[in-house]
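Each remark here refers to the structure printed beneath this line.
Just the heavy atoms: all of them, side chains too, but no hydrogens, waters or symmetry mates, feed the values below. Here the structure is a predicted model, which means the values were calculated and not measured. In what follows, every chain begins at residue 1, and chains take the letters A, B, ... in the order their sequences are listed.
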Amino acid sequence: MATFGYSLTPSSRIDLCKFNQEKWNRLVELESDVLKCMACGSCTASCTAGKFTRTSLRSAILYIQNGQEKQALELVQSCLLCGKCFMVCPRAINTRNLLLSINKIYSVK
Amino acid sequence: MRERIAGGYDPFVLPFVIGMIFIFIYLFIALIRVFRAMPGSDRKKFFLSLLNPTIMYKNIRDVICDCLLHIKIFKRNALLGYMHASIAFGWFMLIVLGHIEVMLFVPQRNGTLHYPIFYRYFVAEQNATLKGAVFFFLMDFFLLVVLSGIGLAMYKRIRSTALGMRRTTKPCFADRVALWCLWSIFPLRLLAEGFTAGISGGSFLTKPVNMLFANFLGNDMNVLPTWWAYSTALGLFFLALPFSRYMHIPTEVLYIFLRNAGLKIHHPRKGLAEAEIYSCSSCGLCIDACPMNMQKKNLKYSSVYFVRFQRRNNKKKINEIAEKCLMCGKCVALCPVGVDSCGLKQAQRATVTDKLPYNYSFLASAHHQGGGPSMPLAPVSGSATGNEVTANAAAHGAGNATGNAAQSAVGKDKVLYFAGCMTHLTPAIIKSMTTIFDAAKEDYVFADKDGGVCCGRPLMLTGKVTAAKEVIERNREMIQDSGCKTVVLSCPICLKVLKEEYNLKGITLLHHTQYINQLIDQKRIRLNHSEESFVYHDPCELGRGCNIYQEPRNVLSAIGELKKANKEKKESICCGGSLGSLTLNYHDRVKITQESLKALTFDNPDKVITACPLCLKTFSDQSTTPVADIAQAVAGNLK
Ligand code: SF4
Ligand code: SF4
Ligand code: SF4
Ligand code: SF4
């Protein structure tokens, strides 16, 4: 078999089978605004905590949708709930409740 | 004065006596429960407060003004105030006078529960004698007072708007039972005393009743049944009391004592909180106060229902309401009892959010990594990044020479300017502030020029108290280390938490409205008086939160015409952008913003002025009238 000399490292491989529909439904129930996110990244760009450490609501949502819950959680645990992302979100998403809800749902094993 | 009934007893007093004994025992147990749930330090604080004459004076004053006379309700609406005061004060006087009568005229019955209440049944007196006439008159007078209050209360149930309330509370079952009893107690007392007035005497109210009924009812036959009915109504009322809103009558007294002792809420339902929850009279004033109630569907989130579900320990509803509230504080400011429902909600939120994981390890490195570009709050005087100091020492010296600045905190040492994270999203405020600092030749340090760490207030509001403390501790160190004696803040949210939680000794905290006002007073800046008219919006955290109402108004009067808003100061309506609410969505918020703007622009001002970056952003999105921060308005009118 021909080898092309490059491959995906396992850690960044997306495994959609890991996506947890049940948890996602609960998230939508707690904050339905999550469905409105268009991944523009305004939240991450303005993030207070993001100046010091990796913090990103945008990526967290994407990670969750890709079934990478652990990575998602890491990105929101430094959040200070300051509300800047709430002020800038063009989709008027209730980001603070979304951040809290992600913490509530995905921090339980 | 002669005892009409030998032995001073009749079986009809039994329902009353049973009710009374029940309520005494219940209250005693409740009192012990409240104290047992308190931390020991709070108990100690409370008992010490009883020895402090100033606090005791305050306690007595508050009990008279709040529990008996209901001064706060009077101030809002005279008729509603009269309704509450007439029932409370009138009833109180009936009880006191009854006891005085017993003490003076039948001292051998002192100490019996029922005698002072049913005095007229047991004792005969002629109203020709002085003591008969005076006391009979007083008793009839206060009975009339109570009856007039009851009449108003009945009317209020039918038409609440007549008493200045658009909406009133929905009573629960125990409330209804107690309400019916309360409404019937005094008419029954009138009848009972009326029927006996022919035998034992009466005055201007009871005598005519006696004569009226004598014409077509055999009075004597009705005497006992009405006394029975009166006693039963009282007894039932006491039995229903602990489960109804009327529990507020005894609890409010306890709450006043606890509050004045300076105790804080530790648990959302226990200790002080329990006293607070049961002090709520379900008066419903918080329903009209709440900005969420522009929409009828939100009525169920009013504080009164929060408190009611707290009593019933309905976790689901409690959390739902706690998460919805904007924490604007309006219901607390207008509550005649002073129920701190925001404090209770914050404690309730903590039961859910405080245990959620977080990781703020970055805080430590942010502090110690000297001078990096992302270093917040860096500019400790003399440090590597201290170059944003726009020192103008010579000119500053000249300012001192005028003699004004020397006495005031501002201008004495360096001023630390803390914009806050929200303000960084509305940089026009920062720009205006730097212009003003320069115009005043202020020697200032810009703490979070390159962005800082959050002040911790949003975390506090969310209930993440432990996490907030970490953030606060770090910011506190840095403010303390900066050596500045004055901190000027642009964000009222920061100001509130710095004042309440930071414990910054020897440091004056000023919002920029206060700071600018000082500059004007000290003639350090000179302003044009323009033709423009302004209306000022009191941000929740600055007005109700920090009690700053006058300074911004002084400042605006200096640069133009200040117009009045429809609702202002304590009654100002939240802009809708509040970080307090966790679950209120955008559509509901827009409705609040619009309502708030409507109240602000009712006198057609040229500009809406606010003093909070969050209000500025929220209003700007919706308003047709231009919106600006007070700093922008001042900077635009500098001479
Ligand atoms: S700013 Fe709003 S829409 Fe954009 S990525 Fe963040 S949450 Fe999604
Ligand atoms: S609330 Fe959290 S995620 Fe949003 S800007 Fe603030 S720190 Fe960043
Ligand atoms: S919380 Fe205050 S304003 Fe609201 S019903 Fe209770 S006593 Fe009245
Ligand atoms: S704090 Fe404001 S939003 Fe919350 S219940 Fe009271 S008035 Fe309503």
Side-chain angles (χ1 to χ4, degrees), chain A residues 26-37 42-57 60 69-109, chain B residues 323 349 352-353 355-367 369 372-376 420-422 424-426 448 450-464 467-468 470-471 493 577-590 613-614 616-618 621:
Chain A
R26 284 230 309 284
L27 184 61
V28 173
E29 201 183 302
L30 285 186
E31 188 50 74
S32 59
D33 277 1
V34 65
L35 299 173
K36 295 201 285 185
C37 176
S42 306
C43 49
T44 312
S46 61
C47 179
T48 304
K51 269 194 109 84
F52 307 103
T53 183
R54 276 195 73 216
T55 313
S56 171
L57 175 58
E69 295 177 3
K70 200 166 148 273
Q71 288 92 325
L73 210 53
E74 273 165 15
L75 285 179
V76 297
Q77 293 209 333
S78 44
C79 167
L80 296 159
L81 289 175
C82 71
K84 271 171 95 176
C85 48
F86 165 64
M87 264 171 101
V88 297
C89 177
R91 304 282 288 157
I93 289 174
N94 195 357
T95 53
R96 294 173 71 241
N97 193 42
L98 182 53
L99 286 152
L100 267 179
S101 307
I102 292 175
N103 253 321
K104 272 185 206 165
I105 293 171
Y106 293 96
S107 65
V108 282
K109 294 278 147 32
Chain B
E323 285 169 3
R349 288 175 177 188
V352 180
T353 56
K355 55 178 183 283
L356 292 179
Y358 65 91
N359 179 355
Y360 292 166
S361 48
F362 65 90
L363 287 178
S365 58
H367 187 21
Q369 163 205 108
S374 61
M375 168 85 174
C421 36
M422 295 270 170
H424 279 281
L425 290 177
T426 50
D448 52 345
D450 299 315
V453 171
C454 179
C455 63
R457 173 82 177 146
L459 284 166
M460 274 292 197
L461 281 170
T462 316
K464 287 182 73 88
E470 268 189 41
V471 177
I493 305 172
S578 167
L579 286 183
S581 176
L582 296 177
T583 51
L584 203 66
N585 68 26
Y586 177 69
H587 298 286
D588 285 358
R589 286 175 182 267
V590 168
L614 190 51
L616 178 64
K617 153 84 167 76
T618 315
D621 287 351

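- Interface check for chain B: of the options A:Lys104, A:Glu31, A:Met87, the most heavy-atom pairs under 4.5 Å are formed by A:Met87.
- Of all heavy-atom pairs between A:Ala49 and B:Phe362, the closest is CB-CZ, 4.1 Å.
- For the atom pair B:Asn585 CG and A:Lys36 NZ, the distance stands at 7.0 Å (nearest 0.5 Å).
- Looking at B:Ser581, only its backbone comes within 4.5 Å of chain A, counting heavy atoms on both sides.
- Of the atoms belonging to B:Lys355, not a single heavy atom falls under 4.5 Å from chain A.
- Remark: A:Phe86 CZ to B:Leu614 CG distance equals 7.0 Å, nearest 0.5 Å.
- Residues B:Pro357 and A:Asn103 approach most closely at O-OD1, 3.7 Å, considering heavy atoms.
- Heavy-atom pairs under 4.5 Å with chain B peak, among A:Ser78, A:Gly83, A:Ser32, at A:Ser78.
- A heavy-atom distance below 4.5 Å is found between the side chains of A:Leu80 and B:Tyr360.
- Rounding to the nearest 0.5 Å gives a distance of 7.5 Å between CG of B:Leu459 and SG of A:Cys79.
- Ranking B:Leu579, B:Thr462, B:Val471 against chain A, the residue ahead of the rest is B:Leu579, based on heavy-atom pairs under 4.5 Å.
- Going from atom NE2 of B:His424 over to atom OG1 of A:Thr48 covers 9.0 Å, rounded to the nearest 0.5 Å.
- Separating the CE atom in B:Met422 from the SG atom in A:Cys82 is a distance of 6.0 Å, to the nearest 0.5 Å.
- Neither the backbone nor the side chain of B:Arg457 comes within less than 4.5 Å of any heavy atom in chain A.
- By the neighbour-count criterion of 12 heavy atoms within 6.0 Å, atom CZ of A:Arg26 is densely surrounded, having more than that number from other residues, nucleotides or ligands.
- Contact annotation for B:Thr583: both backbone and side-chain heavy atoms come within less than 4.5 Å of a heavy atom of chain A.
- Note that CG of A:Leu99 and CG of B:Leu582 are 11.5 Å apart. Values are rounded to the nearest 0.5 Å.
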